[in-house]
Amino acid sequence: MDARSARPMSTTDGHADTEDPDADRAADVPAGPTDDDAPPAPPAPPSGLAAARLHLAEIGSRVAPLGQPPRLVLLGIVALWFVTFSVLVVWRHDRYGSFDFDLGIWDQSAWLLAHNGGLNTVRGLHVLSHHFTPALYFYVPFYWVGAGPNFLNVTMVAAVCAGAVVLFDIGRHHLRDEWHALVPATAFLVSYTAQWLLQETFHPEVMAVPFLLLAYDAAIRGRWRLYAVAVVLAVLWKEDIALAAGMLGVILAFRGRRTITGDEGPARTHTAGLITLAACAAYFVVATQLVIPHFSEGGNFTEAFFGDLGSSSPEIVKSMLTRPDLVLEHFERSNARAYGWNLASSFGFVPLLSPLALLIGLPQATVNLLANQSFFWPTTVHYATVPLVAMAVAAVEGVARFRRLTARRFLLGAMAVGAFFTAVSWGVSPLSKDFRSGYWPLDVPARQAVLDRAVALPGPDDGVSAMHNLTPHLTHRREAYTFPNPWIASNWGVAGENRPDPGGVDWIIVIPGALNDADRGTLATVLRDPDRLLEPGQQDAPPPADGLAEVVDPSKWTVVMDDQGVFVVRRVRP
């Protein structure tokens, strides 16, 4: 063989290298039109069977990536988690373990939006003034065809599962190893906080989780149209999400094209961050200071939760800037250190290695810990949703900071251990030690059939006042109250405003043995005189739980059911 013929092919044009530098050039210059330059005839279309095979091959090439082992493992975990928690949340509602606050509120809100809006009578606030959640309109077509609380709950489970999938994609980008990416995605999905979010039933901020993560994922890849869509879809679920999205903008603006891994990031990152921050700040102000007050006579009810820090957003911000002593006092009362410690422990404390990413959850965590109501403080309620998302993103970034494989494996191992032990010790999944501690109604209640008959009695246009755990089964109507509403304002409106006419109530459905003395006294009063509003202290003395039938005025009410502790009366109409 000639020595020249054995030379390697050129890496630039595919021609064999020669000693004559012009040899390739001459071969590349066309010598003018020839018969060979005529365009080739189009190939004959494949036969039916060949076309089918080709189509299947194309589908296979698209689906093939799903067959990679890490993705199969992820899909298996996500599918198992989705089915498990969908069944559990459906059981919780169907077996009367869900409540008026908050499933009843959100279900009636979605139903009202599907029927021209109005006052949410579970909460005593207009649909758009309880929180600004225009994304509830996405549910309207489903409510037209009969969707209800279980549909809300299952979509919430799907949102958390989708969040794990997006986090896996974020891990793929940062870690360049799908097995590594599987660890934070699984840690997020099985985290004890995520378990409790699902146990608590539907809340709109949980629906924002996959979109908030998708916004981050799109940003690190420079897919700015997808990023914009994801940010918009996230903030539509609740006004508070704009604070998290705004902090994402701060991170992008600060980092610019610098990335957590040291590589050069996408162009326009800095600009996109500034635009996001400005847009989200404007959205939050408009939602909280214009839209919500417009629909609420009493103003924004959430501003009443901060005690001596102030009763309006400007006052609260001023106190935070000028009274650090008060801020520290609130943080000590809410045990801020334990709040952050517990959330970080579910990721093996790896998120602490990327503190900048924790900014995503900082505003919501600050709001939670400054509130003077203790139900904001645990990491097992929906208020911890955004801080959990921030921890998940910071966990991925914390691992990505290290290039050495041994360091990454150590951190991923710590994350896996933290996720496992906190999920088992503090969670409520079937893997957790408290799974059978009463947080899920694993057994059918003894009076299930009686309760089912009771909530089926009112007609679709009848007004109802019911026990808090029966209310979510009765909210597909314009007047659905939690007893003792509407007679005594209880968790109604902002300051008890907009009290409705009790004459609209056609049914009372209660479990007298579960009422406190004041509410039993209210019920006794209402059974004699149902048409006037009451104030605390105006009730009759409470009768025995099994003696309510004796105090009913038969000219006002008819006793329809008094069975197994379930008491139902229907108003007598002329």
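Counting begins at 1 with the first residue of the sequence.
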> Can any side-chain N or O of W81 pair as donor or acceptor with the backbone N or O of L189 at less than 3.5 Å?
yes
> If we ignore hydrogens and angles and just use 3.5 Å, is the side chain of H203 paired with the main-chain N or O of T201 as donor and acceptor?
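Flag set: sc H203 to bb T201 pair under 3.5 Å.
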> Would you indicate whether F376, at its atom CZ, is surrounded by more than 12 heavy atoms from other residues, nucleotides or ligands within a distance under 6.0 Å?
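Above 12, so yes.
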> Stepwise, does the salt bridge (Lys or Arg N to Asp or Glu O under 4.0 Å) test hold for D531 with R571?
CA-CA 11 Å; D531 294 318; R571 188 189 289 262; 2.8 Å; yes
> Suppose we call two aromatic rings close when their centres sit under 6.0 Å apart. Are F349 and W341 close by that rule?
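Yes: the rings meet the under 6.0 Å criterion.
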> May I have the step-by-step check of side chain to side chain contact (heavy atoms under 4.5 Å, CB included) for F483 and T522, ending in yes or no?
CA-CA 9 Å; F483 191 84; T522 300; 4.0 Å; yes
> Take atom CZ of F82 as the centre, draw a 6.0 Å sphere, and report whether it contains more than 12 heavy atoms from other residues, nucleotides or ligands.
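Atom CZ in F82 is crowded, with more than 12 foreign heavy atoms closer than 6.0 Å.
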> Is a salt bridge present between R477 and D506, judged by a nitrogen-to-oxygen distance below 4.0 Å?
no
> Would you say the ring centroid of F301 lies under 6.0 angstrom from that of H131?
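F301 vs H131: aromatic centres under 6.0 Å.
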> Taking only Lys NZ, Arg NE, NH1 and NH2, and the carboxylate oxygens of Asp or Glu, determine whether R528 and D540 approach each other closer than 4.0 Å.
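Between D540 and R528 there is a salt bridge, with a charged N closer than 4.0 Å to a carboxylate O.
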> Tell me if a side-chain donor or acceptor on E205 pairs with a main-chain N or O of T385 at a distance below 3.5 Å.
no
> Please confirm whether the backbone N or O of A194 pairs with a side-chain atom of S191, one donor and one acceptor, at under 3.5 Å?
yes
> Within the side chain of Q538, is there an N or O that forms a donor-acceptor pair under 3.5 Å with the backbone of P536?
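No; judged by distance alone, with no hydrogens or angles, the pair does not exist.
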> Measure centre to centre between the rings of H473 and H93, then say whether the value is under 6.0 Å.
yes
> Before you tell me yes or no, could you show the steps for Y339 and L369 under side chain to side chain contact (heavy atoms under 4.5 Å, CB included), namely the whole-Å CA-CA distance, both residues' side-chain angles and the distance that decides it to 0.1 Å?
CA-CA 8 Å; Y339 188 91; L369 296 170; 3.8 Å; yes
> Using the side-chain contact (heavy atoms from CB on, under 4.5 Å) criterion, which residues pair with D240? Sequence neighbours excluded.
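Testing D240 for side-chain contact (heavy atoms from CB on, under 4.5 Å), a comparison that skips the adjacent residues, returns K238, F284, Q364.
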> Between H382 and W196 (judged by ring centroids, cut-off 6.0 Å), do the two rings come close enough to count as a pair?
no
> Is the terminal nitrogen or CZ of R92 (NZ for Lys, CZ for Arg) located under 6.0 angstrom from the six-membered ring centre of F99 and within 45° of that ring's axis?
yes
> In terms of side-chain geometry, is the basic nitrogen of R453 or D563 positioned less than 4.0 Å from the acidic oxygen of its partner?
yes
> Centroid separation under 6.0 Å, is that true for the rings of H330 and F306?
no
> Please report the shortest heavy-atom distance between G340 and M391, naming the atom on each side.
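For G340 and M391, the tightest heavy-atom pair comes out as O-CE, 3.9 Å.
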> Using modelled atom types and a 3.5 Å cut-off, is there a donor and acceptor pairing between side-chain atoms of S432 and backbone atoms of D434?
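No.
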> Would N120 and H130 count as a side chain to side chain contact (heavy atoms under 4.5 Å, CB included) if you check the C-alpha gap in whole Å, the side-chain angles of each, and the deciding distance to 0.1 Å?
CA-CA 8 Å; N120 184 300; H130 173 232; over 6 Å; no
> Can you tell me if F375 has over 12 outside heavy atoms packed within less than 6.0 Å of its CZ?
yes
> Regarding R499 and E297, does a basic nitrogen lie under 4.0 Å from an acidic carboxylate oxygen?
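Looking at R499 and E297, the cut-off is not met.
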> Between Y481 and V505, is a side chain to side chain contact (heavy atoms under 4.5 Å, CB included) present by the stated rule, with each step listed?
CA-CA 9 Å; Y481 304 97; V505 176; 3.9 Å; yes
> Are the side chain of S296 and the backbone N or O of I292 linked by a donor-acceptor pair below 3.5 Å?
no
